[in-house]
Amino acid sequence: MALTTQSELWRRATALIPGGVNSPVRAMRAVGLEEPVFVRRGEGAWIEDVNGNRYVDWVMSWGPLLFGHADPETVEAVTRAAAAGTSFGAPTEAEVELADEIVAAVPSVEMVRLVSSGTEASMSAIRLARASTQRDRVIKFAGCYHGHVDALLASAGSGVATLGIPSTPGVPSAVAADTIVCPFNDVNAIAEAVARYGEGLACILVEPVAGNMGVVLPEPGFLEALRALCDASGALLVFDEVITGFRVARGGAQGLYGVRPDLTILGKIVGGGLPLAAFGGRAEVMERLAPVGDVYQAGTLSGNPLATAAGLSVLRRLRDPAVYEELEGCAARLVEGLAPFGRVQRVGAMLTLFQSEEPVRDFDGAQQCDTERYGALFRHLLGQGVYVAPSQFEAMFVSLAHGDDEIDRTVAAVADFA
């Protein structure tokens, strides 16, 4: 007998799945709810839960659904691809076409390798950077998330630039020991870290616009400083554009800010909402990958026909500048409505309503926000039919499916809470 209520599903899920969810970010304990929302369908800017409640969705599968849920063109492309075969484990034309779309759009990418997840792309990019430089150390930033790669699950101590220690059980100390953690937007700290550890530095890895401590923009000169420090030390600059790629601009944050990394990590929009990610960069670096080079990386479902079909459907439509003009206008209107109720930080079609009166420029600032108030806001909005991220440290994602009605409903619900 089919389960029809959320509570029934929750009871069964907790008996079968650790914590009842297949990714911790889906749990809602951080916002004071024991049970997550179980979704049964989505259409445009809306989702519907298994109890029949409908919500304006600002999570949009954490960013990839730029054209909304069940976008007809994407669904048609995936259906056609599935009818021809769901997986081959052999090259297809769609893989080449998707690679061409990525190389044409992202300024620094001359060659690209398709994979299945952002974590896989991050892991592979770090391996490639280490092989290319013959060095081991990696600098990352507190509050930036790059997937659950062992070496990148490191947290900072109280120092300006701190050698990483594992932030989760199961990661050996030796694996995190070559990870150096610095504060985001702190040029002096990163310069000190490069001076201290630069001789063995393989790369600096950064979200050019942070999206995993809420939306935190790079301050003027920050990304340029990273580029200069990498050039001076011989390290590679790696941009994690899993969130920002094709969202803040067609060319990603690197196109928006005019700073070119050596390697770029992509995901979410690049797969059109299906499991696909990629990493790419300068040809001389990418050609170190097997089978032409000596750095091994492989994946049975890399370039899966369904995911490449979805990605092509989306990326080809993003050639039209009018898409980004519409997204910009929608996001700006949402910010205008939310501005009286907290600190709103936005770039392109992603934004965060921080429960703070002060600008948030790094992870310490994000942690000082009123998370209890955010939890109360989340619960209130859910009751009003508006679904936002179940964490203060995430983003709201604007899509082309959102319009004036969805914005007005959301702003009114926030105003009612305030």
Legend entry - Closest non-hydrogen atom pair between V360 and G365, with its separation: CG1-C, 3.9 Å
Inset, instruction - Give, for atom CZ of F279 and atom CG of L266, the distance between the pair rounded to the nearest 0.5 Å. - result: 11.0 Å
Inset, instruction - Using a cut-off of 6.0 Å, state whether more than 12 heavy atoms not belonging to Q367 lie near its atom CD. - result: yes
Legend entry - Side-chain heavy atoms of P261 within contact of V238, under 4.5 Å: no
Inset, instruction - Just do the side-chain hydrogen bond (donor to acceptor under 3.5 Å, both in side chains) check on T264 and E241 with the steps written out, would you? - result: CA-CA 7 Å; T264 299; E241 297 226 43; 5.3 Å; no
Legend entry - Nearest heavy-atom neighbours spanning A395 and A389: O-CB, 4.1 Å
Inset, instruction - Could you walk me through whether R316 and D100 pass the salt bridge (Lys or Arg N to Asp or Glu O under 4.0 Å) test, one step at a time? - result: CA-CA 11 Å; R316 283 171 172 163; D100 191 35; over 6 Å; no
Legend entry - Side-chain (N185) to main-chain (R361) donor-acceptor, under 3.5 angstrom: yes
Legend entry - Stepwise salt bridge (Lys or Arg N to Asp or Glu O under 4.0 Å) test for D408 and R333: CA-CA 10 Å; D408 290 344; R333 187 168 184 273; 2.9 Å; yes
Legend entry - Side chains of L338 and M396 in contact at under 4.5 Å (non-hydrogen atoms): yes
Inset, instruction - For R346 and G348, indicate whether the former's side chain and the latter's backbone hold a donor-acceptor pair under 3.5 Å. - result: yes
Inset, instruction - Answer yes or no: is there a side-chain heavy-atom contact under 4.5 Å between V50 and T5? - result: no
Inset, instruction - Decide if the gap between the ring center of F222 and the ring center of F141 is smaller than 6.0 angstrom. - result: yes
Legend entry - Separation of D364 CG from M213 CE (nearest 0.5 Å): 9.5 Å
Inset, instruction - Kindly determine whether S391 and V31 satisfy side-chain contact (heavy atoms from CB on, under 4.5 Å), including the steps that lead there. - result: CA-CA 7 Å; S391 169; V31 289; 5.7 Å; no
Inset, instruction - May I ask you to test the N53-E48 pair for a side-chain heavy-atom distance under 4.5 Å? - result: no
Legend entry - Check: P64 main-chain N/O paired with S61 side-chain donor or acceptor under 3.5 Å: no
Legend entry - Within 6.0 Å of CD in E199, more than 12 heavy atoms from elsewhere: no
Inset, instruction - Decide yes or no on side-chain contact (heavy atoms from CB on, under 4.5 Å) for W58 and T410, but give the supporting numbers first. - result: CA-CA 9 Å; W58 294 105; T410 301; 2.8 Å; yes
Legend entry - Under 3.5 Å donor-acceptor, E110 side chain and V103 backbone: no
Legend entry - From CG (L276) to CG (L301), nearest 0.5 Å: 10.5 Å
Inset, instruction - Report the C-alpha separation of Q254 and R260 in whole Å, then their side-chain angles, then the decisive distance to 0.1 Å, and conclude whether the side-chain hydrogen bond (donor to acceptor under 3.5 Å, both in side chains) test is met. - result: CA-CA 6 Å; Q254 60 193 264; R260 292 196 178 192; over 6 Å; no
Legend entry - Minimum heavy-atom distance G118-A277, with the two atoms named: N-CB, 3.6 Å
Inset, instruction - Could you tell me the separation between the CD1 atom of I139 and the SG atom of C203, rounded to the nearest 0.5 Å? - result: 9.0 Å
Inset, instruction - Classify the ring geometry between Y55 and Y387 as parallel (under 30°), tilted (30 to 60°) or perpendicular (over 60°). - result: tilted
Legend entry - Intermediate values then yes/no, side-chain hydrogen bond (donor to acceptor under 3.5 Å, both in side chains), R113 and Q297: CA-CA 9 Å; R113 174 67 61 88; Q297 183 277 328; 2.6 Å; yes
Legend entry - Closest non-hydrogen atom pair, T133 against G234: CG2-O, 3.8 Å
Legend entry - Heavy-atom side-chain contact between R317 and E73 under 4.5 Å: yes
Legend entry - R409 and D405: CA distance, side-chain angles, deciding distance, salt bridge (Lys or Arg N to Asp or Glu O under 4.0 Å) verdict: CA-CA 6 Å; R409 183 186 182 104; D405 289 346; over 6 Å; no
Legend entry - Exceeds 12 heavy-atom contacts within 6.0 angstrom, atom NE2 of H380: yes
Legend entry - Exam field: side chain S132 to backbone L128, donor-acceptor pair closer than 3.5 Å: yes
Inset, instruction - Go through the steps to decide whether W46 and D57 satisfy the test side-chain contact (heavy atoms from CB on, under 4.5 Å), and finish with yes or no. - result: CA-CA 5 Å; W46 294 78; D57 182 17; over 6 Å; no
Inset, instruction - Could you tell me which non-hydrogen atom of P36 sits nearest to which non-hydrogen atom of V21, and how far apart they are? - result: CG-CG1, 4.1 Å
Legend entry - Main-chain N/O of K140 paired with H146 side-chain donor or acceptor, under 3.5 Å: no
Inset, instruction - Output yes when a side-chain donor or acceptor of Q6 lies under 3.5 Å from a complementary backbone atom of F38, and no otherwise. - result: yes
Inset, instruction - Could you please spell out the steps behind the side-chain contact (heavy atoms from CB on, under 4.5 Å) verdict for L381 and V56? - result: CA-CA 10 Å; L381 292 179; V56 178; over 6 Å; no
Inset, instruction - Mark yes or no for whether E357, through its side chain, and G342, through its backbone, hold a donor-acceptor pair below 3.5 Å. - result: no
Inset, instruction - Give a yes or no on whether a salt bridge exists between D262 and R227, defined as a side-chain N under 4.0 angstrom from a carboxylate O. - result: yes
Inset, instruction - Could you give me the CA-CA distance, side-chain angles and deciding distance for E8 and R12, then say whether salt bridge (Lys or Arg N to Asp or Glu O under 4.0 Å) is met? - result: CA-CA 6 Å; E8 288 173 322; R12 191 175 184 201; over 6 Å; no
Inset, instruction - Report the C-alpha distance between W62 and E394 in whole Å, list the side-chain angles of each, state the deciding distance to 0.1 Å, and finish with yes or no for side-chain hydrogen bond (donor to acceptor under 3.5 Å, both in side chains). - result: CA-CA 9 Å; W62 303 96; E394 299 289 348; over 6 Å; no
Legend entry - Euclidean distance, F184 CZ relative to E207 CD, rounded to 0.5 Å: 7.5 Å
Legend entry - From CE (M286) to CG (L263), nearest 0.5 Å: 7.0 Å
Legend entry - F239 side chain reached by V206 side chain, heavy atoms, under 4.5 Å: yes
Legend entry - Y324 side chain vs R247 backbone, donor-acceptor pair below 3.5 Å: no
Inset, instruction - For residues F363 and V216, determine if any side-chain heavy atom of one lies less than 4.5 Å from a side-chain heavy atom of the other. - result: no
Legend entry - Given I265, L226, L236, the one that forms side chain to side chain contact (heavy atoms under 4.5 Å, CB included) with L205: I265
Legend entry - Non-hydrogen side-chain atoms of E336 and L334 separated by less than 4.5 Å: no
Inset, instruction - Give a yes or no answer on whether the side chain of R54 reaches the backbone of G385 with a donor-acceptor pair at less than 3.5 Å. - result: no
Legend entry - Where I269 and G63 come nearest, the two heavy atoms and their spacing: CG1-O, 3.7 Å
